[in-house]
Amino acid sequence: MSRKKRVLVGKVGLDGHDRGAKVIARALRDAGFEVIYSGLHQTPAMLAATAVQEAVDCVGVSILSGAHGTLLPALVQELAQRDAPEIFVFGGGVIPQDDIPGLVKAGVRRIFTPGTSTTEVVEYLTQEIENG
Amino acid sequence: MTRVAKVLAGSVRAAAQLMRDLDDGVPAARLELARLHPHTGNAFVLGVTGNPGSGKSTLVDVLIANYRAQGLRVGCLAVDPTSPFTGGAILGDRVRMTRHALDEGVFIRSVATRGALGGVSRSTADMVHVLDAMGVDVVIVETVGVGQAEVDIIRLAHTTAVVLVPGLGDDVQAIKAGLMEIADVFVVNKSDSPGAHRVVKSLTMLRDLEGARPDGWVPRVVETVGTEGLGIDALVAAVESHREHLANGAGNPRAAARARLEIEAAARVLVDEGITAAGNLEALVERVVARELDPYSAAREILESR
């Protein structure tokens, strides 16, 4: 018996560009993950409710709108409020280096900056999920 | 509080975690399911199946809205395919259902087929039972996009709706075996597209040609435009009249047939797991290759060593 890894990949807020999210979703699929894709224009509360219903290991959010400082910490809090603090949050998109320490402090597990290879994302998530 | 108690109290979190364990074949989770079993049998299970792109997810979205307007709690299992090459999956049916994301009366779970070929995963029946036990009134099971012969949905559903769209073939397609035989309700979706009336006509002719099913039910034909919500009241009414038909006695033989199929499927899962777990498999392989043993005798040794 082996545990199938499950990941929610989502888009929050007004940003309608989901190429990056779809690239990550495909890379994770090819690595054997079950990837739930949320669609566009979700709120942090909607993503957290979906993550709980889907019993995923983690939620990945792609943000290109500049609103990461509000949306990602809000998602972490929404998950905690739903008694699901162990579902971890990671992010990607255009997020400036300077903003990363603040996001990590707010409970975001990892931010992937532009240029990160999909292999690196897959390896990181595999390790984080397998280590619990 | 145990997880079983939490599920019975309606906890989405506990039910979702249990479903995941059942999907992964965790033995302890099956014991929990056994304890939930006496509390099941109350939910109505509607199967929605049909070709890829026929609009199943969109129809399910409007069906959920319709049942919610009636004050019913709704569970939805949306099945999408697992890659046979990598074991991974992209599950995207929820994209059409996001307006229900914050409704506490709606529980949507994406399910990957994980190698099953009948349109649903092996675990889908287990997940239906979990939703049933947690007090959901209606469970909608959306299969993967299917072709002609993936009919496992009848193992789960009280009522099966087969969704068809114009433009997929002539009327000979409609008299073929398989999918066409399992419909309690035929849904001609995208009925504003050219050719829709011909599909309705050939389905109605087929229905009249075949007459009533052995249990007396005459399949309904309903036209819808899912994206506009058109025809949904008629679809819900057709489903409801089939449900009444079942309640008036026709449901009992079907319940027995479903239970029989489910027991057989569960037995196959246990046998499969036994084969995977068999410690003596490699030794048997060598003996069969060396012609000391034939495959059937080897299989018998595996089953008897459990």
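In what follows, every chain begins at residue 1, and chains take the letters A, B, ... in the order their sequences are listed.
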Using a 4.5 angstrom heavy-atom cutoff, name the option from B:T98, B:V12, B:D80, B:T276 with the most pairs to chain A. B:T98
Applying salt bridge (Lys or Arg N to Asp or Glu O under 4.0 Å), run through B:D24 and A:R6 and close with a yes or a no. CA-CA 11 Å; B:D24 286 341; A:R6 285 173 67 87; over 6 Å; no
If we define contacts as heavy-atom pairs under 4.5 Å, which of B:G92, B:S83, B:A16 has the most with chain A? B:A16
OG1 of B:T86 to CZ of A:R26, rounded to nearest 0.5 Å, is 10.0 Å
Which of the residues B:M19, B:R20, B:Q17 is involved in the greatest number of heavy-atom pairs with chain A at under 4.5 angstrom? B:R20
Using heavy atoms and a sub-4.5 Å threshold, report which of residues 105-129 of chain A line up against chain B, by residue number. none
Could you tell me whether the side chain of A:K22 reaches within less than 4.5 Å of the side chain of B:I90, counting heavy atoms only? no
Using a 4.5 Å heavy-atom cutoff, which residues in residues 106-117 of chain B come close to chain A? B:V106, B:F107, B:I108, B:R109, B:S110, B:A112, B:R114
Going by residue number, which parts of residues 74-99 of chain A are within reach of chain B, meaning a heavy-atom gap below 4.5 Å? A:R82, A:D83, A:A84, A:E86, A:I87
Look up atom CD in A:E34 and atom CG in B:D23, then write down how far apart they are to the nearest 0.5 Å. 6.0 Å
Should the heavy atoms of other residues, nucleotides or ligands under 6.0 Å from CG of A:L14 be counted, would the total exceed 12? no
Flag if over 12 foreign heavy atoms under 6.0 Å of NE2, A:H41: yes
Roughly how far, to the nearest 0.5 Å, is the CZ atom of B:R94 from the CD atom of A:Q42? 8.5 Å
Might you point out which heavy atoms bring A:R29 and B:A89 nearest each other, and give the distance in Å? CG-N, 3.5 Å
Surrounding CD of B:E104 (heavy atoms of other residues, nucleotides or ligands, distance under 6.0 Å), is the total greater than 12? no
Strictly less than 4.5 Å between heavy atoms, which residues of residues 47-59 of chain A line up against chain B? Please order them by number. A:A49, A:T50, A:V52, A:Q53, A:E54, A:A55, A:V56, A:D57
Verify, without hydrogens or angle tests, whether A:K4 (side chain) and B:G88 (backbone) share a donor-acceptor contact under 3.5 angstrom. no
Got a second to check how far A:T43's OG1 is from B:L102's CG, nearest 0.5 Å? 5.0 Å
Side-chain heavy atoms of B:L91 within contact of A:Y37, under 4.5 Å: no
